[in-house]
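The structure under discussion appears below in the form of structure tokens.
Letters A, B, ... mirror the listed sequences (proteins, then strands); counts begin at 1. These numbers come from a predicted model, not from an experiment.
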Amino acid sequence: MSLWVDKYRPKDLSKLDYHKDQAQRLKNMVQQGDFPHLLVYGPSGAGKKTRIMCLLKELYGNGVDRLRMDTMTFESASKRKFDISTISSNYHIEVNPSDAGIYDRTVVMDLVKTTAQTHQIDPTGQKEFKVVLLTNVDELTKDAQHALRRTMEKYVGTCRLILSTNSTSRVLPAIRSRCLGIRVPAPTIEEIKTILTKVAKKEGHDLPNELAERIATTSERNLRRALLMLETCRVEQIPYTPDQKVTEPDWQLYIKGIAALMVKEQSPSKLLELRSRFYELLTHRIPSDLIFKGMLQEINKKCDLQLKIQVANLAAEYEHRMHQGSKEIFHLEAFAAKFMSLYKKFMDASMADFM
Amino acid sequence: MPQDIRSFFARQSSSSAVTQEKSRRKPPRISDEENSSPSKVKKAKHNDKSKDKEVKSRSKKRTIESSDEDDVKTVNVKKAKIEDSSKKVEIIEDPSSVFNKKPVKRINSTKVTKKESQKTEAKKSSKHPTAFEDDDFDATLNQLDTSQIEDEYLNSLKDDEKEHNKSGKKDKGSPENKKNENSKVNKDNVHCDVKTKDSSKKISKKDPHPKLEVEKSSKITKDKKKNDEYNEIIEENIEKKKQHAALYQNYLHRGGARNPGSKDVPEGAEQCFANLSFLITGVLESLEREEIEEIIKKYGGKILTTVSKKLNYLIVGDQPGPSKMTKANSLGVKQIDEDQFLNLLRTLPGNKVKIDNSKIQTNQQSPKVKINEENKSSITPIDSDKNESIKVNHKSPSKKIELMKISKVEIKKEELPKNLKLDTLETASNKNLKVVETKVKIEESPQSTESNIARVTALVEKYRPKDMKQIIGQNGDKSNAKKLFKWLSNWYKYHGCHATEKGVKTSWKDDSGITNKAALLSGPPGVGKTTTAYVVCAQLGLEILEFNASDTRSKKSLQDEISSILSNKTVKTLFSNTTDKSNATKPKHVLLMDEVDGMAGNEDRGGMQELISLIKATEIPIICICNDRASQKIKSLANYTFDLRFQKPRVELIRAAMMSLCFKEGIKITPDELSQIINSTNQDIRQVINHLSMMSASKQKSEQNYQEKLKNLKLGPWDVIHKVFSCDEHKNMKFRDKSDLFFHDYNIAPLFVYENYPMVRPNAPRSELLARLSKASSSLAIGDTIEKAIRSNQSWSLLPVQAVFSSVIPGTVMSGHMGVRPNFPSWLGRNSKSNKFDRLLQELTLHIRLTTGASKESVNLDYIKMLVNSILTPLINDGENGIDQAVAVMNEYHLSREDLDSLIELTQWPHTRDPMQTIPSKLKAAFTKAYNKNAQAFSNTGTTTKKKSARENKDDEYTDGNDEPLSDENEEDEKIENDKLIKAKTSKAKSAPSKAKTTAKTSKPSASKTAKKPSTANKKK
């Protein structure tokens, strides 16, 4: 018994609920017989992976559903052996090269080569190329991306690469130019609402429009999150009521708490408290840019316009610096301290004006 | 006249009695006068006739001085008389010789005087006045004195003797002695005369005589008076004996110098003390006994242990030995205190030629020595007179009158033999020269070698422990030195060919190591391993054969050199069957293999194996020494050895020993500074001594050096963090010093600063507080970006920049004081926890990947909460009935029981409750059971799973790769896990949950996971 997210995941291009034009185009492309390397990008929860799997099914038929898990052993340049787990069918292989950390280059090089070097024995009835699906390409190191560049061209005859990423900004232009970019935008609120009601109906529940609306907005147009929230709501209360509470993810609540704390009081002791909260988030592996984002959104609600600009500026600066550095907590705290100092000054000044 | 004179002397005696004390107080001046007398003497020379008065005046002073020298007086009294007489005789007899400077004639004259002196004793009284009235008023006085004395002498020799004895003079006043002395004096006088005319310092010599005479006369008067007092003195002596006990107690309790190092020791001229002998009594103010002895030796002086006539100076300190004092008083030895001694050192010029040494030699030796000297001095002697005059000129300012006297006396004596020898020398075979020289050298050697040793040896060698008690930190009963001692002393009992108790089995508890044939001393450098080995062996009378890193210790060389030694037997034992006795007498050997961990490389190939085989077969004890006990090379060796591990001695132990060393060496250092040095050297005693010797070498700059050394001291992060933020410290710190703080440990420094900067209360108005905080934190953040650059690009040159951002700026901005104790960086703990969570997530992502395509991040952010809910809510809501549903979810997502635990952990936030707590333990058990039943069904999927499981374990290992310390652990676990897993699958998978309680061990989830995965794959097919 799987979660609704997985249970109602469309398996066919034709069954996709939104971006139907795009789905149609993809279908046409596949039916044409050949297609270039693909770079699928879009925010998480927009349905990239779903779309890719549908595409593969369109290509190879039901065979792609028979998945198996494999471990491949690679040897790095420094003779260090490591393993990467892959998920593969007869027709494709899915790898997250960033699992290998700094050795992702080796993975990219070896994997593509080994997969691409074998031709299909019987090209009739099947496509003459295999598909290598690389996920989280934006997390690849520069080295790995450069390594990818050449192999992409070299083995184009025997294999196609489908790259999946959240953002193209961290993908080398050279790779971007070698791929057909397919953007999968997040579904609109409306789209999410229709899907939610559809799923609820299939499960035999009636979903009030207000609740669907609220879930959709809270999920930040992340369909996966919306569906999971829907199910969470069901766990908490059934049948659905319009004024039902929508539970946000814990981490999001936590970030909001931090933001509230920062605005509430500014003192060194609060800074220490903030620090322990940041640590809590970080140990839960909440991405630090999400923390920044969450904080900024929350702070902005409570700030004057003038201050908003400054804070946004600060957040951008410290987040950027954080990516350059290695210890996220330093930058989070630096931002918090800076904000507190700024906010206090601003408040004192406005108080003085007021007086 | 006599009346006048007597009255004069009576006055003198009284004054001298009064001034006795004075003289003691300021002997140096008097000696100065003596020494510097040449100037006065010169005056005297210019006007021979006015001399008398001067001499008189001087003689008064001298009496004061010489009043101490009771012994000398009586003897001298007689000498003086004779001198005077002989002087005149000479003057009369050898004017020609004097003018011609012919030594031969002189010698003759001396002979004459000798004879005369003996004869003239009686005549003197009559002769002298006539001869001297014109010339020497002083002399006449003397003669008159002497006449009195002579009367006494002639009439009551015995009385005199008694008196002398009573007054503690050991000179028994035998006429023979006196004659000898007289003869000497005569010679002297002859010389003196010659010299006065040669414009040398005859008068300087003359001076003492008149004084002495005067003194003597005074003494005699004193003696008479004192006759009664002596009885009292005897009584006093008895009292003194009683006091002695008390004094001895005092002696035992008396400490070292009161103000060590309070006075600067001046640099004296080289060999300026040559020819002088010293005796030290009491405690000096600034110099330790050893120090002053060293100084004296350094400058060629001699240190005597008892007061004798040869003694030139008695250095008197606080609480002097009373017996020494009295004896010195009686012998008239000059008493000086420490200041005077230092003055002496300052003023005495050096002697380039080592004549002085030889002059001190006894009369019998002196002739040879003299000749040698003459040879040494660049002028080849034709005329002994010339030589002497030259010599005298050389010495003139430096030498004491007494010395000159002696030397001249000696010379006179030598003259005959010398002349003979001179001929031989001049014609002369070098051999003779050499022989003579070597003799002299031998005589000199004790002094010179001693001083050389003192100069050459490093402090480390000088203070190398000589017996077991001196080894720092090895005094305890359980100490390694003791153990080694016992082990070595028992060795021959249990081992070797003559073992009495061979093959004794001991319990493992017994740590005396008697079963081992070799001992392994291991420990950090500078704690005294080698020293211990040497000292212990020395105490047991064992001979050491040492092989250290400087010797080649390859297999071959060990075989060749050592094995023969190890297994050799004395021929005697082969022939005689009484082995034990003979064995006991022969010197036993110990093989010391120093620095065995250095046995490596091509040079020492196979050395370790050979050493082990040597140990197995050895007939003598072997001691191996190494630093790194954990080294791979040592491991094999350690099995065959008695393991003695040396620990670093405690700081206090080292400090105590070093303080006493500092005292001895005159190094000024406070205990705090010393312990800092000790800490900075990591309790390496040798290193500490080396530091100290450097300090002693640059005494004046020690202050400055110390400052520099402080900088070089390595601080722990706790001290560093204190310094970074403390405003007191900042006052005298430059920018450089601040940035240096960072470099004490640049790995941890930024973390420490980061951890503690909000805790500091900066010296700033409250309003600025937050601004400062944000400044500091921003700077730290920049520092972090720099660190990333450093670590990822190996651009270590940026380290100073990081120092500024990560330490200097936060420190300066937040400069104030820390209210609380600094914390240890929590980042480390947090980071490792974060890594752990990451691992768990990775695991989960992997497991649910077949069902959902979500990435790790989205799994973390969205899925896990829902997953936990979907599994646990049925259990919470429906109890037993929900079990099936929960297990179904878990199977659908290929989750293991451990995954559930990690899921729960991941979804745990500070404000949330543990959902598992709401589930009764009974239900939990039922759930686990149900889950295992299901899992069991999948577990019989065949052999392929095994392979996969193994592979997946590897995969897990990789995922741990980020966390290095853990990965090792996991590897080990996995091996066990694999075995268990196979068993579990073939038999029952029940064991899986029980063994896999700890979620941290990633290998375990994988174990049960693999059991299912293939099954699901099969299902789909």
Closest non-hydrogen atom pair between [X] and [Y], with its separation:
| X | Y | value |
| --- | --- | --- |
| Leu780(B) | Phe330(A) | O-CD2, 3.5 Å |
| Ala771(B) | Ser341(A) | CA-OG, 3.7 Å |
| Asn860(B) | Arg285(A) | ND2-O, 2.9 Å |
| Pro287(A) | Leu861(B) | CD-CD2, 4.0 Å |
| Leu272(A) | Met759(B) | CD1-SD, 3.6 Å |
| Ala781(B) | His331(A) | O-CE1, 3.1 Å |

Heavy-atom contact with chain B under 4.5 Å, split by part of [X]:
| X | result |
| --- | --- |
| Arg9(A) | side chain |
| Leu281(A) | both |
| Asp348(A) | neither |
| Gln252(A) | neither |
| Ser267(A) | backbone |
| Leu271(A) | side chain |

Report the option among [options] that has the most heavy-atom pairs separated by less than 4.5 Å from atoms of chain B.
| options | answer |
| --- | --- |
| Thr232(A), Thr50(A), Asp250(A), Asn222(A) | Asp250(A) |
| Met229(A), Glu94(A), Met53(A) | Glu94(A) |
| Ile286(A), Asn136(A), Leu290(A) | Ile286(A) |
| Lys344(A), Met322(A), Glu280(A), His323(A) | Glu280(A) |
| Ala334(A), Ser44(A), Ala336(A) | Ala334(A) |
| Lys49(A), Lys338(A), Arg225(A) | Arg225(A) |

For [X], I'd like to know if atom [atom1] has over 12 heavy atoms of other residues, nucleotides or ligands within 6.0 Å.
| X | atom1 | result |
| --- | --- | --- |
| Lys256(A) | NZ | yes |
| His817(B) | NE2 | yes |
| Lys775(B) | NZ | no |
| Lys48(A) | NZ | yes |

Kindly compute the distance separating [atom1] ([X]) from [atom2] ([Y]), expressed to the nearest 0.5 Å.
| X | Y | atom1 | atom2 | value |
| --- | --- | --- | --- | --- |
| Ile329(A) | Leu751(B) | CD1 | CG | 11.5 Å |
| Leu773(B) | Lys270(A) | CG | NZ | 14.0 Å |
| Ser276(A) | Arg830(B) | OG | CZ | 6.0 Å |
| Met866(B) | Glu231(A) | CE | CD | 3.5 Å |
| Leu228(A) | Ile864(B) | CG | CD1 | 11.0 Å |
| Glu905(B) | Thr283(A) | CD | OG1 | 10.0 Å |

>> Looking only at side-chain N and O atoms, does Tyr279(A) offer a donor or acceptor that is under 3.5 Å from a partner on Ser834(B)?
In response: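 Their side chains do not contain a donor-acceptor pair, so the 3.5 Å distance test is not met.
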>> Would you say Asp6(A) and Tyr863(B) are linked by a side-chain donor-acceptor pair, where the criterion is simply a distance under 3.5 Å?
In response: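 Side chains of Tyr863(B) and Asp6(A): pair found under 3.5 Å.
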>> Does this structure show an ion pair linking Lys327(A) with Glu787(B), if we count only N-O contacts that are shorter than 4.0 Å?
In response: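 Counted as a salt bridge, because a side-chain N and a carboxylate O are separated by less than 4.0 Å.
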> Is the side chain of Asp784(B) donor-acceptor paired with the backbone N or O of Ser326(A) at a distance under 3.5 Å, no angle test?
Replying inline: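 Flag set: sc Asp784(B) to bb Ser326(A) pair under 3.5 Å.
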> Judged by atom type as modelled, is there a donor-acceptor pair below 3.5 Å linking the side chain of Tyr893(B) to the main-chain atoms of Leu3(A)?
Replying inline: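 Checked: pair present.
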> How far apart are the C-alpha atoms of Tyr318(A) and Ser778(B), what are their side-chain angles, what is the distance that settles it, and do they pass the side chain to side chain contact (heavy atoms under 4.5 Å, CB included) test?
Replying inline: CA-CA 9 Å; Tyr318(A) 282 94; Ser778(B) 297; 2.5 Å; yes
Flag the pair [X] / [Y] as yes when at least one side-chain heavy-atom distance between them is below 4.5 Å, and no otherwise.
| X | Y | result |
| --- | --- | --- |
| Asn96(A) | Ser855(B) | no |
| Phe335(A) | Ser777(B) | no |
| Leu769(B) | Pro268(A) | yes |

>> If you apply the rule side chain to side chain contact (heavy atoms under 4.5 Å, CB included), what do you find for Leu282(A) with Trp827(B), and how did you get there?
In response: CA-CA 11 Å; Leu282(A) 289 174; Trp827(B) 185 86; over 6 Å; no
> Given a strict heavy-atom distance threshold of 4.5 Å, which part of Ile786(B) is in contact with chain A: side chain, backbone, both, or neither?
Replying inline: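 Contact with chain A is absent: no heavy atom of Ile786(B) under 4.5 Å.
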> Side chain, backbone, both or neither: which part of Ser826(B) has a non-hydrogen atom closer than 4.5 Å to chain A?
Replying inline: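 Both backbone and side chain of Ser826(B) come within 4.5 Å of chain A.
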> Has Arg275(A) got its NZ or CZ under 6.0 Å from the middle of the six-membered ring of Tyr754(B), at an angle within 45 degrees of the ring axis?
Replying inline: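 The answer is yes, since Arg275(A) meets both limits relative to Tyr754(B).
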> Could you go step by step and tell me if Met69(A) and Leu846(B) meet the side chain to side chain contact (heavy atoms under 4.5 Å, CB included) rule?
Replying inline: CA-CA 9 Å; Met69(A) 213 166 194; Leu846(B) 207 68; 3.5 Å; yes
>> So which residue, Lys788(B), Arg791(B), Glu857(B), ends up with the most heavy-atom pairs under 4.5 Å with chain A?
In response: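 Between Lys788(B), Arg791(B), Glu857(B), the count favours Lys788(B).
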> So Ser774(B) and Met340(A), side chain to side chain contact (heavy atoms under 4.5 Å, CB included) or not? Walk me through it.
Replying inline: CA-CA 8 Å; Ser774(B) 79; Met340(A) 282 185 351; over 6 Å; no
> What orientation do His284(A) and Phe837(B) show, parallel under 30°, tilted 30 to 60°, or perpendicular over 60°?
Replying inline: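 Rings of His284(A) and Phe837(B): perpendicular, over 60°.
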